[in-house]
Each structure stands twice: as structure tokens, then as C-alpha cells.
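Predicted model, so just to flag it, every value in this text is computed and none were measured.
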Amino acid sequence: MREACLQARQWHEQQQFEGTIAVNVSAVQFRQNDFTDVVLRALADTGLSPECLELEVTESVVMHGVESVSQKMRILESHGIKLAIDDFGTGYSSLSYLRQFAIDRLKIDQCFVRDLPENPDAKAIICAIVAMGLSLGLRVMAEGVETEAQAHFLQDIECTESQGYLYAKPMEPNDFEAWLKTRD
């Protein structure tokens with residue numbers, strides 16, 4: 001957590017990077033009693049603005065220990081930290097947590113994106129997730145976008161955020177800095 005926050009702050013200062021850094025949080029990490037303290041300490045130690053941090057948790061994390069999860073999410077949200085549900089649609093079927101928790105973004109799992117735009121079932125599921133997310137005031141991102149056809153389909157249904165090999169492969173910090181410079 002600390003390393004990611006430090007790297008993001010350096011990119012903000014040295015590369016004029018204006019985005020947020022997303023950090024995957026495991027169930028074990030999130031369930032630790034001092035999890036919110038660890039996150040807040042990492043922000044304080046590194047000087048990263050809380051608004052520049054997004055924590056990604058899976059649906060299964062959210063569904064275990066609902067009261068504790070809700071409390072931690074409220075604390076994080078009160079400090080300006082964003083929360084995303086990663087791999088949305090692959091976990092628990094209860095959608096009630098979308099109203100219960102302080103969630104900012106849904107990340108549609110790549111297993112649905114992979115078959116776009118040819119598969120009518122994948123199209124229907126993604127359209128439903130995007131429409132639901134947007135109607136709840138959430139940001140919606142599609143994971144695993146690899147083709148222009150997938151990207152166009154997602155844009156057409158107002159899914160304006162996506163990630164995947166179409167845009168860039170995973171890279172080391174130095175490679176990311178070089179890539180950022182080409183984006184100017």
C-alpha cells in the first residue's frame with residue numbers, strides 16, 4: 001500500500017500524472033482490524049492525496065462481515081478514498097450491497113468482455129451492468145478490453161472507462177513513466 005501511494009505521488013509530482021492509483025486489496029488485508037489505519041498511515045507517510053487512491057475489493061470481500069466492511073468503507077470514504085468492486089458479476093448474486101456500501105466504481109470482469117461484441121448473452125449482461133451502475137451513480141469500467149470492436153461496443157453503451165491490452169500491457173514503473181511521456 002505504501003509503495004503504491006509513494007509511486008503515485010512521485011508520478012503526480014514528476015510526470016504530471018493526474019489519475020488515481022488503484023490498489024487491489026485482498027480479503028485477508030481488508031479483514032485486518034487495523035486496515036483503515038494502515039491505509040491512512042500510508043497516505044500520511046507518502047503525502048498522496050486520498051482522492052488519488054482507489055481500493056479495489058472483490059464481491060466476496062464485501063459479503064463477509066457486512067457490518068465491519070460497511071464501517072471500514074465509511075471511514076475510507078470520509079477521507080476521500082475511492083472504492084471499487086473488482087471482477088463485478090463473478091461473485092455473489094446479492095446486489096443489495098450496492099446500496100449498503102460506499103462504492104464509487106464497478107469493474108466488469110473480463111470474462112464478460114472477452115466475448116464482445118459477437119455473443120448476445122455477453123452483450124446483454126454488460127448492457128445490464130452498465131445501465132444499473134450508471135443509474136446508481138457509479139462509474140463503470142470494463143476489464144480485459146483487447147479489440148477495437150469491444151471498445152466501440154462499450155463506448156456505444158456509455159461505458160466510458162476501460163482497461164486492457166488494447167491500451168497497454170502491464171508494465172514496470174519506469175516503463176509506465178516512458179509510456180506517459182508518449183501520451184502528451
Side-chain angles (χ1 to χ4, degrees), residues 1-9 11-12 17-43 46 48-66 68-114 125-126 129-130 132-134 136-146 154 159-173 176:
M1 183 69 61
R2 186 181 184 290
E3 184 65 29
C5 290
L6 181 60
Q7 183 67 75
R9 197 204 77 219
W11 285 334
H12 281 240
F17 175 67
E18 297 180 12
T20 58
I21 188 91
V23 178
N24 286 306
V25 177
S26 74
V28 171
Q29 289 172 307
F30 196 87
R31 291 187 186 116
Q32 292 173 341
N33 291 334
D34 65 344
F35 176 72
T36 56
D37 295 333
V38 168
V39 173
L40 297 174
R41 191 168 40 254
L43 289 169
T46 62
L48 181 67
S49 172
E51 293 79 20
C52 296
L53 177 63
E54 179 174 276
L55 302 177
E56 296 182 2
V57 297
T58 61
E59 291 175 271
S60 60
V61 169
V62 174
M63 296 311 294
H64 291 307
V66 173
S68 172
V69 168
S70 182
Q71 180 182 14
K72 288 175 184 175
M73 286 185 159
R74 281 192 303 271
I75 291 168
L76 295 167
E77 179 192 38
S78 73
H79 285 87
I81 299 163
K82 297 172 184 65
L83 293 156
I85 299 295
D86 197 13
D87 303 332
F88 184 77
T90 62
Y92 289 82
S93 59
S94 173
L95 299 176
S96 66
Y97 66 85
L98 293 178
R99 294 183 309 133
Q100 282 181 279
F101 301 121
I103 298 167
D104 298 291
R105 181 195 320 246
L106 298 178
K107 293 186 72 177
I108 302 170
D109 190 77
Q110 65 183 350
C111 71
F112 299 114
V113 176
R114 185 177 302 124
I125 289 169
I126 289 197
I129 292 172
V130 170
M132 178 185 60
L134 295 177
L136 291 169
L138 302 173
R139 295 167 54 205
V140 181
M141 175 183 274
E143 296 179 305
V145 177
E146 296 183 359
L154 292 163
C159 182
T160 58
E161 297 180 40
S162 56
Q163 69 183 52
Y165 284 0
L166 177 64
Y167 310 106
K169 294 190 175 173
M171 55 188 92
E172 295 294 323
F176 180 70

Hey, what do you get for CD1 (I21) to CD (E3), rounding to the nearest 0.5 Å? 10.0 Å
Closest heavy-atom contact between H12 and G19? NE2-O, 2.9 Å
Under the side-chain contact (heavy atoms from CB on, under 4.5 Å) test against E59, which residue among D87, D109, D86, I85 passes? I85
Rounded distance [0.5 Å steps], CG in L53 versus CG in L76: 8.5 Å
Considering all heavy atoms of both residues, which atom of A142 and which atom of C159 are nearest to each other, and what is their separation? N-SG, 3.9 Å
Using the side-chain contact (heavy atoms from CB on, under 4.5 Å) rule, take R105 and M141 through it: C-alpha gap first, then chi angles, then the decisive distance, then the call. CA-CA 7 Å; R105 181 195 320 246; M141 175 183 274; 3.2 Å; yes
Distance-only polar pair, side chains of R74 and S78, donor-acceptor under 3.5 Å: no
Starting from the C-alpha separation in whole Å, work towards a yes-or-no answer on side-chain contact (heavy atoms from CB on, under 4.5 Å) for T36 and H79. CA-CA 10 Å; T36 56; H79 285 87; over 6 Å; no
By side-chain contact (heavy atoms from CB on, under 4.5 Å) - contacts of T46 (at least two apart): R2, C5, L6, L48
If the condition is side-chain contact (heavy atoms from CB on, under 4.5 Å), which residues does F176 pass it with, not counting sequence neighbours? W11, F17, M171, W179, L180
Taken to the nearest 0.5 Å, the spacing of E18 CD from C52 SG works out to 9.5 Å
Do I81 and L43 come close enough that some side-chain heavy atom pair is under 4.5 Å? yes
Note: F30 and V57 closest approach over all heavy atoms is CD1-CG1, 3.9 Å
Mind checking side-chain contact (heavy atoms from CB on, under 4.5 Å) for L134 and listing every partner two or more places apart, or none if nothing turns up? V130, V140, E158
Here the gap from I108 atom CD1 to S162 atom OG, rounded to the nearest 0.5 Å, amounts to 10.0 Å
Euclidean distance, S68 OG relative to M73 CE, rounded to 0.5 Å: 10.5 Å
What verdict does the side-chain contact (heavy atoms from CB on, under 4.5 Å) test give for Q29 and M1, after you've listed the backbone C-alpha separation in whole Å, the side-chain angles of each residue and the deciding distance to 0.1 Å? CA-CA 10 Å; Q29 289 172 307; M1 183 69 61; 5.7 Å; no
Can you give me the closest heavy-atom contact between E143 and V113, atom names plus distance? O-CG2, 3.3 Å
T20 side, atom OG1; L55 side, atom CG - distance, nearest 0.5 Å: 10.5 Å
Quick one: does any side-chain atom of K107 pair with a main-chain N or O of F88 as donor and acceptor, under 3.5 Å? no
In this structure, are over 12 heavy atoms from other groups packed under 6.0 Å from D34 atom CG? yes
